[in-house]
Amino acid sequence: MNKKRLGVFKFASCDGCQLSLLSCEDELIELAGKIEIAHFLEASSRVDPGPFDVALIEGSITTALDAKRIRDIRRQTKTLVTIGACATAGGIQALRNWSDHEEFIASVYAHPEYIETLSTSTPIADHVAVDFELRGCPIDRHQLLEVLAALIADRSPRTPRHSVCIECKRRGTVCLVVTQGLPCLGPVTQAGCGAICPVYDRPCYGCFGPAAQANCPALSTHHLAGKTTETQMIHALRNMNAAANVFQIESDRLESEST
């Protein structure tokens, strides 16, 4: 059997999603018999050139060099999969998109003239065609294994598209919106985390990004009718998935109306 050639590549990120792959342990050993890991610097210093059957991309595009590198990887890859909030929605570093990045650089670095960076942090899909997105901050290991198994078998991955609210219902978790009036993003966030935050009385903050057909304006209207302020709602939407399309549009709308 011809093995699928896998490349795992990092851009601006914390490496957490790559570590999720390494944490698969026994399952990863089994997968190793079906795939050839040609490029994965988090796991091995051995680097083989493309082409790749599958590329897993972690991280957002924050420099001109990154933008060029992802285009090079895309040309060598049959199926490109983005993994995690940074790659799919710009990551927590996308908060720079609403601020003066030159001011940030001057505040952090002693010699900002040596720093070359873009003014924005953007998802991979803004630069190249993406075949599949695996959400999360970090990604769920079981979903990752499903994606890899599907790609090995040449079928479409089966990952949830419903909202976190469904996971809360399955766990028997009491709704924090109804009982405490908290600004929870569960109704507009894609499932995958197991609704772990609501279990501990912490409203969902959207780590798996927007669910299919997420109605953010309706959710904002509901929360703002209670004790949630516009600032709190904007902060809830502007998290690690701040640059996700519907989250970004809604947070920009709220900010515009509040000024």
Side-chain angles (χ1 to χ4, degrees), residues 5-24 28 37-45 47 49-50 52-99 101 104-105 108-109 115-141 143-145 147-148 151 157 159 190 192-193 205-210 238-245 247-248:
R5 301 192 80 238
L6 172 68
V8 184
F9 300 91
K10 169 187 165 58
F11 288 83
S13 64
C14 71
D15 289 30
C17 293
Q18 292 181 82
L19 290 174
S20 294
L21 175 55
L22 291 176
S23 295
C24 290
L28 187 59
I37 301 178
H39 186 289
F40 188 7
L41 291 177
E42 187 81 12
S44 173
S45 59
V47 176
F52 308 99
D53 293 299
V54 179
L56 301 180
I57 310 296
E58 178 193 67
S60 64
I61 302 301
T62 57
T63 68
L65 181 60
D66 282 349
K68 177 182 181 301
R69 189 160 66 97
I70 191 58
R71 291 193 295 269
D72 291 341
I73 294 170
R74 175 71 271 189
R75 281 191 289 267
Q76 301 178 69
T77 301
K78 180 180 178 182
T79 302
L80 189 144
V81 179
T82 49
I83 59 173
C86 295
T88 61
I92 196 73
Q93 57 270 27
L95 292 175
R96 72 164 74 177
N97 300 358
W98 287 273
S99 302
H101 83 293
F104 285 158
I105 293 172
V108 173
Y109 297 99
I115 305 301
E116 295 183 4
T117 182
L118 300 174
S119 61
T120 58
S121 171
T122 48
I124 300 299
D126 282 9
H127 302 267
V128 298
V130 170
D131 299 300
F132 190 80
E133 289 186 346
L134 187 59
R135 310 276 194 80
C137 186
I139 56 175
D140 176 77
R141 62 190 295 271
Q143 289 189 18
L144 175 60
L145 289 170
V147 169
L148 290 175
L151 295 174
T159 55
Q190 181 173 296
C193 61
Y205 55 97
C207 64
F208 271 67
R238 290 182 183 173
N239 217 300
M240 69 283 293
N241 280 286
N245 187 40
F247 285 3
Q248 178 175 314

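In this chain, numbering begins with 1 at the start of the sequence shown. Worth knowing before you read on, the calculation uses all heavy atoms, side chains too, and leaves out hydrogens, waters and symmetry mates.
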message = Closer than 3.5 angstrom, by distance alone: can the side chain of Asp53 be matched with the main-chain N or O of Arg5 as a donor-acceptor pair?
response = yes
ask   = Is a salt bridge present between Arg75 and Asp72, judged by a nitrogen-to-oxygen distance below 4.0 Å?
value = yes
request  = Could I get the full list of side-chain contact (heavy atoms from CB on, under 4.5 Å) partners for Pro138, not counting sequence neighbours?
outcome  = Cys17, Ser20
inquiry  = For Thr79 versus Asp131, what's the shortest heavy-atom pair and its separation?
reply    = CA-OD2, 3.2 Å
message = Is it the case that the side chain of Ser23 and the backbone of Leu19 share a donor-acceptor pair, with hydrogens and angles ignored and the cut-off at 3.5 Å?
response = yes
query = Taking the side chain from Asn241 and the backbone from Ala89, do they hold a donor-acceptor pair closer than 3.5 Å?
reply = no
request  = Return the orientation label for the His39 and Phe52 ring planes: parallel under 30°, perpendicular over 60°, tilted otherwise.
outcome  = perpendicular
key: Flag side-chain contact, heavy atom, 4.5 Å: Ile92 against Asn239   = yes
query = Has the side chain of Glu58 got a donor or acceptor atom that lies under 3.5 Å from a matching backbone atom of Ile83?
reply = no
ask   = Is any side-chain heavy atom of Thr88 less than 4.5 Å from a side-chain heavy atom of Ile124?
value = no
inquiry  = Determine whether Ile73 and Ile57 satisfy the following criterion, side chain to side chain contact (heavy atoms under 4.5 Å, CB included), listing intermediate values before the conclusion.
reply    = CA-CA 9 Å; Ile73 294 170; Ile57 310 296; 4.1 Å; yes
note = Here the pair of heavy atoms bringing Leu95 nearest to Ala242 is CD2-CB, 4.1 Å
remark   = Scanning both residues in full, the closest heavy-atom pair of Ala125 with Glu133 reads CB-OE2, 4.3 Å
message = side chain to side chain contact (heavy atoms under 4.5 Å, CB included) for Ile139 and Val147? Distances and angles first, verdict last.
response = CA-CA 11 Å; Ile139 56 175; Val147 169; over 6 Å; no
query = Are any of the side-chain heavy atoms of Phe40 and Leu56 separated by less than 4.5 Å?
reply = no
task = Please step through side chain to side chain contact (heavy atoms under 4.5 Å, CB included) for the pair Ile37 and Ser44, ending with a clear verdict.
result = CA-CA 9 Å; Ile37 301 178; Ser44 173; over 6 Å; no
inquiry  = Under a 3.5 Å distance rule, please check whether Arg238 uses its side chain to pair with a backbone N or O of Gln248 as donor and acceptor.
reply    = no
query = Are side-chain heavy atoms of Glu42 and Leu22 found at a separation under 4.5 Å?
reply = yes
ask   = What are the two closest non-hydrogen atoms of Leu144 and Leu134, and how far apart are they?
value = CA-CD2, 3.7 Å
query = Going through the checks in order, is the salt bridge (charged side-chain N to carboxylate O under 4.0 Å, His left out) test met by Asp66 and Arg71?
reply = CA-CA 9 Å; Asp66 282 349; Arg71 291 193 295 269; over 6 Å; no
request  = Just jot down the side-chain hydrogen bond (donor to acceptor under 3.5 Å, both in side chains) partners of Thr117, sequence neighbours excluded, or say none.
outcome  = Arg96
inquiry  = Has Arg135 got a side-chain atom pairing as donor or acceptor with Pro210's backbone, closer than 3.5 angstrom?
reply    = yes
remark   = Here the gap from Asp126 atom CG to Ser121 atom OG, rounded to the nearest 0.5 Å, amounts to 9.5 Å
ask   = Any side-chain donor-acceptor pair under 3.5 Å between Thr159 and Gln143?
value = no
query = Considering only heavy atoms from C-beta outward, does the side chain of Val54 approach that of Thr77 to under 4.5 Å?
reply = no
inquiry  = How about CZ on Phe132, more than 12 heavy atoms from neighbouring residues, nucleotides or ligands closer than 6.0 Å, or not?
reply    = yes
request  = For Phe247 and Gly206, work out which heavy atoms get closest and say how close.
outcome  = CE2-O, 4.2 Å
Pairing residues for Lys78 by the side-chain hydrogen bond (donor to acceptor under 3.5 Å, both in side chains) criterion, not counting sequence neighbours = none
note = In Cys14, Cys86, Cys193, Cys207, the residue satisfying side chain to side chain contact (heavy atoms under 4.5 Å, CB included) with Cys137 is Cys207
ask   = Got a second to check how far Phe9's CZ is from Leu80's CG, nearest 0.5 Å?
value = 9.0 Å
key: Backbone of Asn97 reached by a side-chain donor or acceptor of Thr120 within 3.5 Å   = no
task = Compute whether any side-chain donor of one residue and acceptor of the other, for Gln93 and Thr62, lie under 3.5 angstrom apart.
result = no
task = Grab the two heavy atoms, one from Ala94 and one from Ala243, that are nearest each other, plus how far apart they are.
result = CB-CB, 3.8 Å
ask   = Do Arg69's NZ or CZ and the ring of Phe11 fall within the cation-pi criteria of under 6.0 Å and 45°?
value = yes
Student check: side-chain heavy atoms of Leu21 and Gln18 closer than 4.5 Å = no
